[in-house]
Peer 1: 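Sharing a structure with you now.
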Number of protein chains: 2
Amino acid sequence: MPSRIVVSRELAELLKLLAHPDRLRMIEELRHGEKDVTSIAAALDLPSTRISQHLAPLRAHRLVEDRREGRNHFYRLTQPAIAAWIVEALEFLDVRSRLDESAHIERVRELWTADTPASSR
Amino acid sequence: MPSRIVVSRELAELLKLLAHPDRLRMIEELRHGEKDVTSIAAALDLPSTRISQHLAPLRAHRLVEDRREGRNHFYRLTQPAIAAWIVEALEFLDVRSRLDESAHIERVRELWTADTPASSR
DNA sequence: TCCATACCTGCGTATATATGCAGATTAATG
DNA sequence: CATTAATCTGCATATATACGCAGGTATGGA
């Protein structure tokens, strides 16, 4: 019998897990399929140790699953819909100092969901 | 020119702000309109000091706005759509040990969105 | 003006998270 | 079997958050 308190705790845990810039970018990176640790690290221009450290809690909470192939570990989103759900949140970003709000949101959404260009890392 | 890194930082900040059980319940509480601090505290069965402490960062990041009427401060969601967006996340909650997943999600969603019954506080 | 109510803020302590670095594991390769 | 590559884990430190409690501010009423 799950009480609302229990649900709020689980929800908060999920959000806390997502509430880190690196991890958000990692999830976006995995949006279109599995990738190994080194690839993720290269895409985000971060040391692979750091990616590993971020993957640990994501794995523990089953947000990602991994598949080992030789010495490479390929990770994928357990629930890919989470990535789309995160994109929805872009419209809630701080509205201060936006001249044309809807245009701004559209620009941010495109930036976020585009294939990783080196200039946006 | 917002880079993806900047966006990920802002997103993470937003998520961190939401990533607390009390604050999630407060947002759900404000879903259907404004409420003053004492009412929120009563609904969640928490000391009003704590509600105030949670409201401070939410206010600072413009997730809520307040209106003062006499000595009461009525708070409301600046972007009510956030509450609905949070409800969407219920389906991402840990799937472990669910016998009938869709029924479970439905049950959780109803519990979460129902008018606060004393038994679920 | 004095008091009570409704909130807010500051402070100290406890706990959690982030992150660089060193070292351990595991698997392919020579 | 030694070496290297890919990844994971442990540790220490820095920083951030949470939360009870004390004290402060503002408003309305006696």
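No hydrogens, no waters, no symmetry mates; every other heavy atom, side chains included, goes into these values. Labels below follow one simple rule: chain letters A, B, ... track the order of the sequence lines, proteins then strands, and each chain is numbered from 1.
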Peer 1: Starting from C1' on D/dT9, measure out to NE2 on A/His73 and report it in whole angstrom.
Peer 2: 13 Å
Peer 1: Taking B/Arg31 first and then B/Glu28, would you say they form a salt bridge - that is, a charged N and a carboxylate O separated by under 4.0 Å?
Peer 2: yes
Peer 1: In this structure, how many angstroms lie between the C1' atom of C/dA27 and the CZ atom of A/Phe74, rounded?
Peer 2: 14 Å
Peer 1: Looking at B/Ala89 and A/Leu11, what are the two nearest heavy atoms and their distance?
Peer 2: CB-CD2, 3.8 Å
Peer 1: Can you tell me which nucleotide in D/dG20, C/dA18, D/dC8 comes closest to the side chain of B/Pro47?
Peer 2: D/dG20
Peer 1: Do B/His73 and B/Asp36 meet the criterion of a side-chain donor-acceptor pair at a distance under 3.5 Å?
Peer 2: no
Peer 1: Where is the tightest heavy-atom contact between A/Glu34 and A/Arg76, given as atom of each residue plus distance?
Peer 2: CB-CB, 4.0 Å
Peer 1: Could you write nucleotides 21-30 of chain D as a row of B, S and -, 5' to 3', where a protein heavy atom under 4.0 Å of any base atom gives B, of only sugar-phosphate atoms gives S, and otherwise -?
Peer 2: B-----BS--
Peer 1: Taking the nucleotide of DNA chain C with the closest heavy atom to each, which residue, B/Tyr75 or A/Arg50, is nearer the 5' end?
Peer 2: B/Tyr75
Peer 1: What nucleotide, of D/dC19, C/dT9, D/dC8, holds the atom closest to the side chain of B/Arg59?
Peer 2: C/dT9
Peer 1: Rounded to the Å, how far apart are A/Leu17 CG and C/dA16 C1'?
Peer 2: 14 Å
Peer 1: How long is the line joining NE2 of A/His20 and P of C/dA16, in whole Å?
Peer 2: 18 Å
Peer 1: Return the orientation label for the B/His20 and B/His54 ring planes: parallel under 30°, perpendicular over 60°, tilted otherwise.
Peer 2: tilted
Peer 1: Roughly, in whole Å, what's the span from CD1 in A/Ile51 to P in D/dC8?
Peer 2: 10 Å
Peer 1: Find the distance between CD1 (A/Ile27) and CD1 (A/Ile86) and round it off to the nearest 0.5 Å.
Peer 2: 4.5 Å
Peer 1: When you measure from the side chain of B/Lys16, which nucleotide among D/dT17, D/dG20, C/dT17 comes out closest?
Peer 2: D/dT17
Peer 1: Quick one: A/Glu13 CD to C/dT17 P, roughly how many Å, whole number?
Peer 2: 9 Å
Peer 1: From CG of B/Leu44 over to P of D/dC19, roughly how many Å is that when rounded to an integer?
Peer 2: 13 Å
Peer 1: Would you say the side-chain atoms of B/Tyr75 and B/Arg67 include a donor-acceptor pair closer than 3.5 Å?
Peer 2: no
Peer 1: A/Asp66 CG to C/dA27 P: how many Å, rounded?
Peer 2: 13 Å
